[in-house]
Amino acid sequence: MSSTPLSILKSVFGYSHFRLEQENSINAVLRGEDAFVLMPTGGGKSLCYQVPALCLSGLTVVISPLIALMKDQVDALVLNGVSAAVLNSSIPQHIQAQIIGQVGRGEIKLLYIAPERLFAEGFMGWLKQQNISLFAIDEAHCISQWGHDFRPEYLQLSVLKREFPKVPIIALTATADTITRKDIIEKLKILPKNVFVSSFNRANLRYFVEPKRKAYQRIKKIIEARPNESGIIYTLTRSSAESIALALAKDGISALPYHAGLDQEMRAKHQDMFLRDDVKIICATIAFGMGIDKSNVRFIIHHDLPKNIESYYQETGRAGRDGVQSDVILLFSGGDVIKLRSFCQIEDNPAQTRILVAKLQQMANYCEAHTCRRQWLMNYFGEQYEPPCNSCDVCLGERETIDGTVIAQKILSAIFRTNERYGGGYIVELLRGTSKVKLEHLNLKTFGIGKDIRDADWRFYIRELIARGIISKTDDEYPILKLNDKSYEILQGKQSIQLSKPAEPVEREARKPRTRDRKLNAAYDSDLFEKLRTLRYGIAKRENVPAFMILSDSTLIELATFLPMNMEDIRTISGFGTVKTEKYGQEFIHEITGYCQENNLKTKVENKLLFDHQVAKSEKRYEERKGTSNFDTRRTSLDMFRSGLSVIEIAAERLLGVGTIEGHLAFYIPSGEIVLEDIVTEEKAKAIRAVLRAQGWKKGESQRPIKDALGDEYSYGE
Ligand code: ADP
Ligand code: ZN
């Protein structure tokens, strides 16, 4: 071993300390052991194999499913002076031959290939003659059928261990769900002690959900509040991607569409323009993003509801990979849920259909939740999180509340008087007294008592009441509203209730980006930042690579914060490794010195050390807080339940009691992650409630008499 990991991190990549579980993963590999690394998008997985690759004497082979990404990674490495290459079928034969020659002479440190390459004619034989130090399997979830992106070629990777028993394997993924994780570990036979799970919290993202109203106008406002920033707008359909891009362009905003309906060449062109900052906004279907490593995407807008939390998290994860504060905004409408239901119907596969519907329901629950978004997401992924996060719409207190008791009573009484047989839409018609109300309901007291409140606002209130468990809702395709104990408390005036005020969304000021979530009064100079951004854009054009590859936005922010004015000082800035310092240092120093002279500013480079120290400390606290909650046993049950297994099946599979599993699942009911009716049938729930009421049972009292009254068909868990 020629250099230590830390010295490589500093000299090649220009970073001062390791993040999350990077160091532990690297050390495991350097001990010659296999490792499995779980980190969220943007966490820094690449360095977990790139650093060892440079410490070890031989070749590191990186297996990755995405050709576009491989090329970007290689370009980025080359900019840092690392000899890396990619072999794939899109590369001309003579260049391939050249690369093979270089590998043979030991001139290449990292070789990127697609999995199918391994099994191409003669390749394995050739590989065995090379001095291989490490295999890195990127996007390792592709090996699991449970994952969202299964690729059969990945299954064959299990031969690596047989063919190269002495070479360590490091597998990496950002997949969060426990079943997929377990499956990967089993398939690759990695020691449990070398499974490195980092927190999935993305501290630099701010989460917003708002009602979808006048969506286009809203999108335009969001973009206008963020001039010069790159953003992605996700839509469900090609046609809305197309029409939004067109409308934005007409309004003078630099935007292009991206979807599977465009031909290959056009797609590649639009993607490339986005990467290079030649266009600011991409309006895309989910076809966009898999191959995108652009680190300075500053916001993501979901124009339509994603199909499940996993997709949502992955798509929002594409913002702020560089650690700079970025916003993700979802425009939610209940209508989207109904629209998406039809996509969930898989012919002749009720089990699969059930999973998809349940996942969609989770997505809707998230939007309708009135608790910290970050906490909700972290719980979903099996982590604890203490709110407030101060960076989601809920914690930022963007909801104003009003006394909603009378409003709620009107809604509940409309449900009551129509015998709990209608959905939210009809209840609103009734309250507003429209012509759609049935003859038999025209005489009801509730008919037309809500004319003064807008249609959309009534719907908004109903959603909130459902989210807070004050109205129950059946799980049918067109859900029916039902009353429950909480409903009666409000109806009878025993309880009052505050409701969110449904206001027109107002544009919050696009706050200035700050580096990672760590405050150090390190407010940076935004004018200088713009100047540096322009300088970087020029260099990127000259070198013909995307600007974020030259230096990331977070590097520019550090420059505009600490104002280094000589070569020695600029080396301390994250992202300035040896090669980049030599290549671009002078140009940036020149720009900064000029600006500081004009504005009478002094360098603050001495603060940089303090800053790094703080960051390293909070990084550590983070890991400590995280504890071992990731492989939380409750979570495993939840994941299995979501994958379509029944309580009994889970109990059998996990060798645990039915009651235990029910306990696990019950934990998720208050947060809305599990809907009560998913575990207990509606009839049973009704019967149980009736007995509880009849016996006047209170929390904490023995459950025995209730169980006895109900009989053997009911379990304690139920
Ligand atoms: P992932 O593959 O997990 O999505 P990347 O490997 O692309 O993430 O890293 C995301 C960004 O974070 C990159 O710009 C990378 O250079 C940066 N990064 C990674 N590790 C560190 C570190 N220890 N210090 C500072 N920046 C880092
Ligand atoms: Zn929050």
Side-chain angles (χ1 to χ4, degrees), residues 5-6 8-10 12-23 25-26 37-51 62 64 66 69-70 72-73 76-77 79-80 82 136 138-140 170 172-175 196 198-209 289-297 314 317-324 328 366 369-379 385-399 515-516 518 546 548-558 573-577 580 611-612 615-616 619:
L6 193 62
I8 298 276
L9 183 74
K10 282 189 176 146
V12 177
F13 299 96
Y15 301 138
S16 60
H17 60 272
F18 284 108
R19 269 191 199 164
L20 305 173
E21 292 280 7
Q22 281 176 334
E23 195 166 16
S25 324
I26 291 168
V37 178
L38 289 138
M39 260 186 207
T41 312
K45 285 184 286 299
S46 324
L47 287 190
C48 296
Y49 56 84
Q50 289 172 348
V51 169
V62 185
S64 161
L66 303 165
L69 257 173
M70 289 194 250
D72 282 356
Q73 289 242 2
L77 282 167
L79 279 174
N80 276 323
V82 175
D138 208 359
E139 314 287 349
I170 180 169
L172 311 99
T173 178
T175 291
F196 300 104
S198 295
S199 167
F200 271 67
N201 186 19
R202 292 289 310 276
N204 64 314
L205 298 190
R206 303 196 309 168
Y207 295 89
F208 299 98
V209 179
M290 273 306 276
I292 291 292
D293 234 343
K294 182 176 166 66
S295 70
N296 60 343
V297 175
Q314 193 176 40
R318 295 189 180 121
R321 274 168 177 261
D322 51 11
V324 176
V328 302
Y366 167 75
H370 291 257
T371 51
C372 170
R373 308 268 175 215
R374 187 180 305 279
Q375 181 194 29
W376 197 102
L377 290 168
M378 287 301 96
N379 285 348
Y385 185 87
E386 272 304 308
C389 72
N390 296 323
S391 50
C392 75
D393 54 341
V394 178
C395 294
L396 289 170
E398 306 220 328
R399 290 159 189 275
T515 31
R516 280 226 138 206
R518 280 102 205 187
F548 70 88
M549 257 186 219
I550 300 288
L551 293 169
S552 72
D553 279 19
S554 57
T555 299
L556 298 193
I557 288 177
E558 283 200 16
I573 302 296
S574 304
F576 276 97
K580 285 186 181 170
F611 175 76
D612 281 345
V615 173
E619 207 78 72

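For ligands, and for the atoms within them, numbers begin at 1 and follow the listed sequence.
Across all non-hydrogen atoms, the minimal contact from D322 to S552 is CB-CB, 4.2 Å. Closest non-hydrogen pair, R321 versus K294, comes out as CD-O, 3.9 Å.
Donor-acceptor pairing under 3.5 Å is lacking for the side chains of S198 and E21. Using modelled atom types and a 3.5 Å distance limit, the side chains of R374 and S391 yield a donor-acceptor pair. A donor and an acceptor atom, one from each side chain of E386 and Q375, are nowhere located under 3.5 Å apart.
Taking any N or O of T41, backbone or side chain, none lies under 3.5 Å from an N or O belonging to ligand 1. Ligand 1 has an N or O atom lying under 3.5 Å from an N or O atom of Y15, backbone or side chain.
Not a single heavy atom of D322 sits less than 4.0 Å from an atom of ligand 1. Note on ligand 1: S552 sits outside its first shell, no heavy atom being nearer than 4.0 Å. Residue G42 places a heavy atom under 4.0 Å from ligand 1.
Counting heavy atoms from C-beta on, the side chains of F13 and Q50 come closer than 4.5 Å. At a threshold of 4.5 Å between non-hydrogen side-chain atoms, the residues I170 and F196 do not count as touching.
Closest to atom 11 (C) of ligand 1 among all protein heavy atoms lies R321 O, 3.6 Å. Scanning the protein for heavy atoms near atom 20 (N) of ligand 1, the closest one is Q22 NE2, 2.9 Å. Of the protein's non-hydrogen atoms, the one nearest atom 12 (O) of ligand 1 is R19 NH1, 3.2 Å. Atom 9 (O) of ligand 1 has as its closest protein heavy atom G44 CA, 3.4 Å. The nearest heavy-atom contact from the protein to atom 6 (O) of ligand 1 is S46 OG, 2.6 Å.
Angle SG(C389) to the Zn ion (ligand 2) to SG(C395), rounded to 10°: 120°. Taking the Zn ion (ligand 2) as the apex, the angle formed with SG of C392 and SG of C372 is 120°, to the nearest 10 degrees.
When each atom of ligand 1 is checked for a heavy atom of P40 under 4.0 Å away, the hits are 3 (O).
The protein reaches atom 22 (C) of ligand 1 closely, with a heavy atom under 4.0 angstrom from it.
Ionic pairing of R373 and D393 is present here: one or more N-O contacts between side-chain nitrogen and carboxylate oxygen are shorter than 4.0 angstrom.
No donor-acceptor pair under 3.5 Å is formed between the side chain of R202 and the backbone N or O of G43.
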